[in-house]
Amino acid sequence: MIRQATKYDKTQIIEMMQLFRAESHIEQYKDLDNVEYWNKLLDNIFAGQGIIYIEDGIGLIMGVVMPTIWCDKTLVLNELAWYVKPEHRNTTVGYRLLKAYVDYGKQLKQEGRIKMFTIAKMVTSPDLKYGRFGFSKLDEIWIQ
């Protein structure tokens, strides 16, 4: 069952994020393990600076609310990670996590709390039709 994560989920969130990092193949991140930072980030999200939806032991999606680069009073919900363990892919879990995130983003927009919300697609992500969720492609990110 998809639910909103709480502070009691920190251990499994960090474990899933470590799995996500390993699968993402971003060499610049492979040796980073700052648990103090992760606890602070999660505390901020749980205090209202974002959202994490989780299916216990299976997957998660998380986003953080932050100012845009144009105005510190105009906020955006940025997706940080969307991860489902390999043995649970090709089920409805990933879709249900994304739907919870999209519904939350729409709610924040309707309430006037954010201007927009984002989702990222990594090169290792499946080729989903994000447009059917209302997203439009804006840019690509390249790393070195």
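Nothing fancy with the numbering, it's 1 onward along the sequence.
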Inset, instruction - Check whether any side-chain heavy atom of Met17 lies under 4.5 Å from a side-chain heavy atom of Leu80, and answer yes or no. - result: no

Check your understanding: Around Lys10, counting heavy atoms of other residues, nucleotides and ligands shown, do more than 12 lie under 6.0 Å from its NZ?
Key -> yes

Closest non-hydrogen atoms of Lys7 and Phe46, given as atom of the first, atom of the second and distance, are CA-CE1, 3.4 Å

Next on the checklist: I want to check something: taking the side chain as every heavy atom from C-beta on, are Pro86 and Glu23 in contact at a cut-off of under 4.5 Å?
Outcome noted: yes

task: Please answer whether the main-chain N or O of Gln110 pairs with a side-chain N or O of Gln107 as donor and acceptor at a distance below 3.5 Å.
output: no

Worksheet entry | Donor-acceptor pair, side chain of Asn39 and main chain of Val35, under 3.5 angstrom | yes

* Do the side chains of Lys115 and Lys109 get nearer than 4.5 Å, heavy atoms only? -> no

I want to check something: taking the side chain as every heavy atom from C-beta on, are Tyr101 and Phe117 in contact at a cut-off of under 4.5 Å? yes

Checklist line | Candidate pair Tyr104 and Gln4, rule side chain to side chain donor-acceptor pair (under 3.5 Å), full reasoning | finding: CA-CA 11 Å; Tyr104 181 72; Gln4 188 172 338; over 6 Å; no

When rounded to the nearest 0.5 Å, the distance separating CG of Leu75 from CG of Leu108 is 9.5 Å

The side-chain contact (heavy atoms from CB on, under 4.5 Å) partner of Tyr83 among Leu19, Ile61, Leu97, Ile13 is Leu19

- Under a 4.5 Å cut-off applied to non-hydrogen side-chain atoms, are Met66 and Leu77 in contact? no

Do the non-hydrogen side-chain atoms of Ile14 and Leu42 ever get within less than 4.5 Å of each other? yes

So Asp33 and Arg21, do their side chains get closer than 4.5 Å, heavy atoms only? yes

Please report, to 0.1 Å, the donor-acceptor pairs under 3.5 Å made by any side chain of residues 49-56, with sequence neighbours excluded.
from  : atom 1 : to    : atom 2 : distance (Å)
Glu55 : OE1    : Met1  : N      : 3.1
Glu55 : OE1    : Ile2  : N      : 3.2
Glu55 : OE2    : Met1  : N      : 2.8
Asp56 : OD1    : Arg3  : NH2    : 2.6
Asp56 : OD1    : Gln12 : NE2    : 2.8
Asp56 : OD2    : Arg3  : NE     : 3.4

For the pair Asp9 (side chain) and Thr6 (backbone), establish whether a donor and an acceptor sit closer than 3.5 Å, ignoring hydrogens and angles.
yes

Inset, instruction - Ignoring hydrogens and angles, tell me if any N or O in the side chain of Glu111 forms a donor-acceptor pair with the backbone of Arg113 under 3.5 Å. - result: no

Discussion item. Any heavy-atom pair between the side chains of Val76 and Val65 that's under 4.5 Å?
Written reply: no

Worksheet item: Where the side chain of Thr92 meets the backbone of Tyr95, is there a donor-acceptor pair that is under 3.5 Å apart?
Response: no

Taken to the nearest 0.5 Å, the spacing of Ile119 CD1 from Glu79 CD works out to 4.0 Å

Using the rule that two of Ile, Leu, Val, Met, Phe, Trp, Tyr join whenever any of their side-chain heavy atoms come within less than 4.5 Å, decide whether Tyr37 and Tyr29 are in one cluster.
-> yes

Atom CG of Asn34 with >12 non-hydrogen neighbours under 6.0 angstrom:
yes

